[in-house]
Amino acid sequence: MTMNTLETKMVEPALPARPADAWRHLSIGAMSRAAVLVALVIFGQAIAPSFLSLANIHVILLAVAAIGIMAYGMTLVVITGEIDLSIAGAAILSCVVGGLLIPTGSAVLVIGATLLTGLVVGLANGALVAALGIPSLIVTLGTLGIGRALANIVSGGQALYPEGLNAYLWLGRGQFAGVPVPVVLLVILGAAAVALTRYSTFGPALYATGGNVRAAKLSGINVVAVRVTVFAISGVCAALAGMLESARLSYINPAGFEGMELSVLAVTVLGGAALTGGVGSISGTLTASLIIGIVNNLLNQLGVSIYLQQVVTAVVILAVVLPGIRQREIAK
Amino acid sequence: MSAIQLSSPSASRVIPFLLDLARDPIVWLIALIFVVGAMTSQYYLTTLNLENLMRNVAVIGLLSLGMTVVLLTGRIDLSVAALMIFSIVVGVVVMTEIAPLIGSRWLVRGNTYAGPIVPVILIALTTGAAIGAINGIGVAYFKVASFIMTLVSLTALRGFNYVLTDGHPYYLKAPLYQWIGDSKFAGIPVSFLLFLLVLLVLIGFVNGTVRGGRFYAIGGNEKAALYAGINTRRYVVLAYVISGLCAAIAGIVFTARLKSVDAPLAAGYELTAIAIAVIGGTALSGGIGSPWRTLLGSVAFAAGLNLLAIWGVGTWYQNLAIGIVLIASVGLSKMSRKKSKS
Amino acid sequence: MLKLSRRHLLKTAAALSVLAASPLTIVPAFAEDSVHAVLNGLIKKYSDEAKTGMSNGDVSALFERDGFRDYLDVYPVGDLAGGFVWKPGMGASFVGPYSKLQIKAPFTDYLPLPEGPVLDASKKYRIGLVFHGFNHPWLISLADTAAWEAKRHPNIELEVIDAEFDDNKMGQVIDTWIAKQYDGIVLWPNREAPMGPPVDRAVAAGIPVVSLDRRTSSEQISSEVLGNFYANGLQQGLYLKHAAPEGNIIFNRKDLGSTADSIRTGAFLEAIGNTPGYKVLANYHTNSQRTQAFKSTADALQAFKDISVSFNTGGEEAMGALDAIREANRLNSAPGGKKIMILANDDAREVLKEIKAGNIEMVSPYTPLIGDIGIRAVVMHIGAKAGLNEAPPKLIMTPNLPMITKEKMNIEGIETLTPDEWPYAYGPEVSG
Amino acid sequence: MGAPLLELKSIRKTFPGVVALADVTFDLKAGEVHALVGENGAGKSTLLSVMNGLTAPDSGEIRIQGQPVVLSGPTVALANRLALVHQELVLCPNLSVAENIFLGREPKARLGRGNRVALNRMAEDLLGEIHVNLDPARKVGELSLNEQQIVEICRALASRPRVLVFDEPTASLNDDQVGHLLGIIRKLKANGLGVIYVSHRLGEVLDISDRVTVLRDGHVVGTREIAGLHEAALVSLMVGREHKPGEAAYKERQYGAVALEVKAISKASVFDDVSLEVRAGEIVGIAGLLGCQREAVARSIFGAASIDRGEIRIRGKAVALRSPREAIRAGIGFMPADRKGEGLVLPMSVGDNLGMAILRRLGRFGLLKRRQKNATANELVRKLAIKVSGLFQLASQLSGGNQQKIVIGKWIARGGDIVIAEDPTRGVDVGAKFEIWCTIQGLADEGKAVLLLTTELQEMMDACDRILVMSRGRVTGHFDRKDFSAEAIAHCFVA
């Protein structure tokens with residue numbers, strides 16, 4: 001038998017692809033995230049009887065839908081060892097460009113233009129980072145400002161109202177099988193992102209690019225394409241998330257999404273993605289956005305001031321991130 | 001070792017330094033801005049405008065200086081802008097809390113702080129250093145990624161600023177404060193002189209001393225520094241303390257100009273500070289850059305914006321310009337480095 | 001400790017402001033029945049009542065906690081300059097130079113300035129307008145009216161700069177204008193405290209400065225154009241009292257410490273403070289953001305099943321609250337199956353549309369269309385400096401405006417207007 | 001003669017689940033070179049960490065000149081005049097040679113100011129001591145690997161140590177430079193230093209050492225005088241069994257058609273007019289000293305670097321390879337010498353690393369065929385005897401030999417017919433070395449064309465069918481297996 005024909009049959013005894021005691025191999029970060037989530041749910045139900053009601057679950061999920069979708073894109077970017085600070089700029093520019101087509105009365109055109117603009121911003125980021133080798137922090141910091149500036153310039157600073165574009169508004173306000181559309185999208189895109197990272201051939205290429213870009217290159221992985229792709233996805237996610245928020249409020253605000261990049265980044269790192277690249281998961285990110293969503297929901301229900309909420313959020317992030325650090329220490 | 005003489009006559013270093021300077025694109029950029037400014041507006045080179053320019057440089061320059069030191073170690077400090085406000089807020093709040101204990105009242109006519117200002121400044125500096133130390137300890141000893149640690153600080157400090165002030169402004173109208181904010185010394189704004197002083201101290205420390213040089217070693221290869229017996233964690237903490245102190249001094253200069261402090265001030269300035277350090281040539285990956293180059297970066301940044309303002313260019317287009325210049329400056333330096341390498 | 005100082009502030013406030021008590025005694029008879037005077041009377045009445053005590057414990061607690069008294073006492077309430085009487089229907093119509101929207105500005109006859117060259121016709125007058133938020137409908141309209149007024153006078157050159165909610169930047173813009181030796185400066189300060197010093201510097205450099213809508217901490221400032229906030233919050237309270245003697249209220253407020261929040265919310269609380277039936281359920285600061293108001297309202301709807309009133313310090317907040325209530329399908333979830341009452345400020349077109357549709361109960365107009373007053377005032381100051389005319393008063397009160405409701409009502413002597421009777425709305429047209 | 005310079009007594013260190021060191025006793029006298037050998041995982045690295053203060057032992061005692069000490073960190077070790085030359089280069093690329101050498105003990109002027117002039121002079125003196133001519137003001141990032149290694153050694157010497165530990169100092173050096181280094185070590189030894197020498201290259205060990213201590217599974221197998229010790233005996237001590245020589249893997253093969261043909265390729269100021277051909281079933285080595293640019297040639301063939309002139313033909317067809325991806329598609333595989341830096345993605349699992357070069361093949365409509373991926377990985381793990389607990393294990397958790405096997409396995413999975421192997425046994429222990437050579441011979445047996453670059457000439461002569469010699473970017477010699485002679489080949493090194 002030549003070694004070339006290996007791929008055909010399974011040889012016993014096979015080594016496990018996953019550890020038998022999988023839970024032992026869960027990172028402490030993942031465990032502490034899960035623990036915090038469970039504790040929050042229990043605590044929430046204890047202090048607010050309606051906490052686990054379907055309506056409140058919808059409220060929580062709706063509140064995190066946009067940030068979660070943006071965080072999916074951000075997670076992919078962070079796994080490749082890059083960062084995308086431009087998401088708020090991409091979101092607002094996309095929504096405004098789409099909004100300029102409102103007078104056409106065609107929701108398809110508006111939605112298409114919005115997503116396309118997000119794609120273009122993402123591709124521009126990707127090209128500047130991957131092809132020219134400029135650090136992504138700088139590129140996306142630049143495109144954040146450029147995106148916001150262009151959004152103002154093309155809209156003349158005017159808010160836009162997608163009134164009457166029912167398909168557009170449906171994205172933010174509609175329901176699908178009794179579930180709000182943004183939540184459906186959060187779940188579907190989450191599943192797609194999980195499929196992309198874990199069940200597609202793009203997944204290993206993604207982690208390899210972030211884990212060791214030279215090795216990836218020398219193994220024939222097109223790292224430029226990988227990077228451009230993740231930035232493009234992040235741009236589209238940002239545009240989509242921006243559109244969901246705009247549709248929910250039926251209002252495109254050229255000054256919107258202030259500081260969104262840092263909130264999304266916070267969710268992403270809370271989800272276990274390491275800014276050094278090669279590490280991170282969509283499930284972690286989703287858990288993290290739920291944690292943030294529940295914390296905010298509970299604090300609002302308790303009537304805690306928004307300013308203390310910021311402090312609490314910061315503490316929660318540290319509480320989840322710190323235990324995972326120790327583990328990495330030991331592993332070294 | 002002891003036999004070795006210090007034999008570096010300063011003259012021998014000045015000339016190559018000037019030659020280097022002449023080759024530096026950022027110097028030409030600054031010169032170009034001033035020439036174009038002088039040619040296109042009669043107001044550009046007026047004393048008043050130059051003073052404005054220097055005052056603008058002072059605040060953003062101080063923030064960027066601290067950022068530069070942290071970036072040299074290969075880390076980042078997102079908390080600088082929030083900290084700059086927080087340190088002053090703490091200074092005032094602590095003093096107003098102390099006042100009743102010693103039977104005086106330092107908060108008069110609404111929220112005007114009328115107590116002694118020197119303790120406020122000292123508390124602000126201490127707060128800046130302390131928060132810097134907390135950031136540093138989190139990063140160096142608890143191994144939290146600097147981006148996360150300082151993002152957490154940023155969020156928490158912004159929240160605390162509101163919680164501590166209840167959203168009220170504090171007015172700061174002491175003569176010393178006024179002097180820092182508005183006065184000139186030998187024709188140069190005091191705030192700018194303060195910035196120059198910090199700059200000189202930092203150049204002296206970072207580029208002149210053995211200890212300061214270790215920031216470069218840590219940024220270049222942290223393991224190498226560790227193996228060389230350097231207590232890298234202590235230096236990382238030191239870098240954050242310096243950044244915190246710079247933020248507090250920036251806060252003093254900033255609020256002295258506004259003669260008040262308010263929770264939401266200076267939102268987003270952390271990103272400006274990063275942009276300036278990077279325009280000045282500091283590498284995000286660490287080990288490359290210097291306080292001196294950050295001076296050039298902040299002058300280029302402030303002079304450019306000042307020119308656009310003199311021209312009356314709208315803010316949106318200014319922002320567009322900042323974004324493009326940021327990407328282009330780093331992109332061009334990257335390409336020129338590539339070229340010189342190959 | 002902070003409380004103590006605020007009390008002190010109260011005592012020294014008189015020097016800064018025109019208190020309600022004194023001007024009302026010298027109100028000319030012909031102004032008695034004007035909306036402005038009626039509302040000023042009501043302000044005094046409820047303010048005095050509140051000062052003697054609030055019987056509603058909930059309201060009183062919130063009022064005390066956030067120190068509203070200190071803000072309310074220094075907020076000027078008084079007569080219009082030059083005995084001007086405003087009646088609905090006055091003003092001029094034009095297309096806003098920035099928003100490109102059809103605008104009807106209500107106060108173009110206030111401190112009037114005829115079209116054509118101003119002051120010394122041979123001279124060019126350079127005036128700067130600095131404000132925040134060229135991407136905020138309310139503020140664009142403010143710039144619209146200023147630019148319209150400037151355009152009416154060929155020898156005025158107006159530069160408009162957006163400082164993007166960065167107070168430091170606004171200071172720098174003013175410093176640049178000082179360097180450029182501008183003739184006059186008009187500004188919309190976001191926050192009071194940081195803008196005092198730059199204004200002082202401009203005034204010291206001999207440049208007249210006029211602030212619009214919000215105040216600065218400068219005592220040297222040439223003129224302040226303001227005055228409508230008190231009537232806003234008060235009318236929200238009066239409407240509520242008129243509509244229902246009891247109710248459970250959730251609050252969506254602006255930034256803690258902002259004038260809009262302290263005066264509107266404070267006046268609202270003064271108005272309802274002696275009615276025992278109201279309960280404060282929750283209190284949110286939503287940073288003037290619709291999304292934030294949406295989220296807090298959505299969460300509040302889960303926490304409380306018996307919300308009957310949604311108080312909103314601004315129009316953005318009201319729209320966010322309405323969207324959240326609508327999304328949760330809770331429009332009619334107040335006790336007894338009644339509709340949740342939404343009280344709003346700011347007469348944006350989209351808010352008026354919701355009034356018409358019956359979704360928002362009432363709105364107190366708060367018009368941005370006052371930029372023209374600022375330009376006229378600063379021109380008059382420039383003229384006064386040159387000895388060409390008299391200076392306008394330091395405090396230029398803007399007329400109190402009556403609330404807008406779906407149906408016409410008379411509430412404590414205030415004739416409410418219907419959306420159709422209100423041509424002054426700002427912001428983009430919203431199709432129905 | 002007084003107490004030994006350094007004594008380790010009954011050192012014990014356990015990590016969760018592993019006994020890294022069990023009752024290890026070791027001593028070093030002044031003026032001796034004491035070698036430390038053992039397979040990977042035998043505990044050498046842990047022992048060195050203990051000596052350097054990076055790892056605290058669970059129990060046991062460390063004495064320096066008879067005095068018990070607690071080495072709580074590298075600083076303390078240095079204070080006790082114990083310095084370590086690291087295996088991997090741990091240098092600051094942004095600092096100068098002098099700054100790197102004296103990092104942590106720079107000469108200070110008043111007020112803690114730096115003194116660059118003195119620093120450079122001291123560095124010059126130190127470099128002179130070991131007869132190296134290197135500009136102390138140059139940035140380390142601009143230096144070659146070899147020069148960086150010298151900086152690393154100088155850095156250890158700068159602390160004026162009494163005990164100097166060399167951890168695999170020759171891993172990236174060629175024979176010439178190794179000779180130079182050993183000369184330096186002899187000099188240091190003559191100066192009364194104690195040297196601990198850790199290496200996989202047993203020839204060097206026998207050459208330079210006075211005594212050798214063999215570790216296996218955390219235990220000391222024995223400490224022997226070098227005099228009279230043979231390589232085979234040393235190897236059997238290390239692996240605990242008889243070892244077949246590297247040559248054993250080689251057998252005569254039939255060659256097929258020319259698979260790879262390089263015709264007069266040139267790259268300005270790097271290499272010039274290089275031609276070679278490799279037939280199917282043939283292993284061709286390129287020998288040469290460091291700086292002979294054979295690595296650059298290999299990278300150009302793999303499309304990772306461009307060429308200015310010349311032609312590359314694969315199976316007779318001219319190709320223009322502009323990227324590794326195109327080279328891989330043309331059937332070339334490349335095993336880089338720098339496993340951790342270029343060969344593996346350390347935070348990724350064994351399974352993912354093995355599948356990295358065949359992602360396209362493992363996909364159906366972009367979705368990963370997981371069963372097939374696992375089956376492939378399993379087969380490779382079995383075939384190459386990679387020691388892992390499961391495919392989920394991270395590459396970073398494996399020993400050097402097993403990591404190298406993954407690098408090889410990646411290309412076996414790909415199944416291309418041309419393989420470029422760069423130093424496939426660098427830093428790999430003896431047992432794994434043999435297995436790796438067998439695998440590489442196996443590739444040729446299957447009819448693949450193998451281009452081999454290795455720093456050890458003996459290994460190359462054992463493994464190759466033909467050897468090309470390069471010197472300063474040009475081909476200077478050509479030998480068939482029957483003509484292999486170390487002298488003749490070495491002669492071409494400097495031609």
Side-chain angles (χ1 to χ4, degrees), chain A residues 78 83 85-86 89 124-125 128 132-154 156-157 254 258-259 261-263 265-266 268-270 274-276 305-319 321-322 324-326 328-329 332, chain B residues 76 78-79 82 138-139 141-149 151-167 263-264 267-268 270-272 274-275 278-279 283-285 314-335 337-338:
Chain A
V78 170
I83 197 167
L85 294 179
S86 74
N125 282 334
L128 287 166
L132 295 184
I134 309 173
S136 52
L137 186 86
I138 299 299
V139 167
T140 57
L141 190 56
T143 46
L144 168 67
I146 293 172
R148 282 199 172 282
L150 284 179
N152 281 327
I153 290 167
V154 300
E258 185 85 47
E261 57 281 349
L262 294 185
S263 313
L265 202 59
T268 308
V269 295
L270 182 58
L275 294 162
T276 44
S305 102
I306 188 171
Y307 309 116
L308 264 180
Q309 286 188 25
Q310 289 181 2
V311 180
V312 173
T313 309
V315 171
V316 168
I317 293 175
L318 264 197
V321 168
L322 269 179
I325 306 284
R326 297 295 311 161
R328 239 175 287 156
E329 279 278 85
K332 264 187 192 166
Chain B
I76 205 163
L78 295 176
S79 71
V139 169
Y141 290 86
F142 291 93
K143 310 278 178 212
V144 183
S146 63
F147 207 98
I148 302 174
M149 185 67 208
L151 183 57
V152 163
S153 306
L154 160 71
T155 316
L157 292 180
R158 282 279 175 211
F160 274 128
N161 283 343
Y162 272 100
V163 173
L164 285 180
T165 60
D166 281 339
E270 57 279 347
L271 297 183
T272 310
I274 295 171
V278 167
I279 288 174
L284 293 171
S285 48
T315 329
W316 299 341
Y317 294 92
Q318 290 187 20
N319 295 343
L320 197 62
I322 295 174
I324 291 169
V325 166
L326 180 61
I327 295 175
S329 70
V330 178
L332 288 177
S333 75
K334 191 106 193 165
M335 272 186 261
R337 224 175 298 150
K338 243 185 209 168

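Letters A, B, ... are given to chains in the order of the sequence lines, protein chains preceding strands, and every chain is numbered from 1.
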Would you compute the distance between atom [atom1] of [X] and atom [atom2] of [Y] and round it to the nearest 0.5 angstrom?
{"X": "A:L318", "Y": "B:T155", "atom1": "CG", "atom2": "OG1", "result": "9.5 Å"}
{"X": "B:F147", "Y": "A:L262", "atom1": "CZ", "atom2": "CG", "result": "6.5 Å"}
{"X": "A:Y307", "Y": "B:D166", "atom1": "OH", "atom2": "CG", "result": "10.5 Å"}
{"X": "B:I76", "Y": "A:I83", "atom1": "CD1", "atom2": "CD1", "result": "7.5 Å"}
{"X": "A:L85", "Y": "B:I274", "atom1": "CG", "atom2": "CD1", "result": "8.0 Å"}

Could you tell me which residues satisfy side-chain contact (heavy atoms from CB on, under 4.5 Å) with B:I322, sequence neighbours excluded, listed by chain and number? B:F301, B:L305, B:N319
Under 4.5 Å from a heavy atom of chain B, the part of [X] involved:
{"X": "A:I146", "answer": "both"}
{"X": "A:S305", "answer": "neither"}
{"X": "A:I138", "answer": "both"}
{"X": "A:I306", "answer": "neither"}

Checking heavy atoms, do the side chain of B:L157, its backbone, both or neither come under 4.5 Å from chain A? neither
Need one label for B:I324: side chain, backbone, both or neither, based on atoms under 4.5 Å from any heavy atom in chain A. both
For [X] versus [Y], what's the shortest heavy-atom pair and its separation?
{"X": "B:W316", "Y": "A:G156", "answer": "CH2-C, 3.5 Å"}
{"X": "B:R158", "Y": "A:Q310", "answer": "C-OE1, 3.4 Å"}
{"X": "B:V330", "Y": "A:P135", "answer": "CG1-CD, 3.8 Å"}

So which of B:A328, B:S285, B:A267, B:A156 has the biggest tally of heavy-atom pairs under 4.5 Å with chain A? B:A156
Considering only heavy atoms and a distance below 4.5 Å, find which of B:I327, B:V325, B:L151, B:L154 pairs most often with chain A. B:I327
Would one find more than 12 heavy atoms of other residues, nucleotides or ligands at under 6.0 Å from atom CZ of B:F160? no
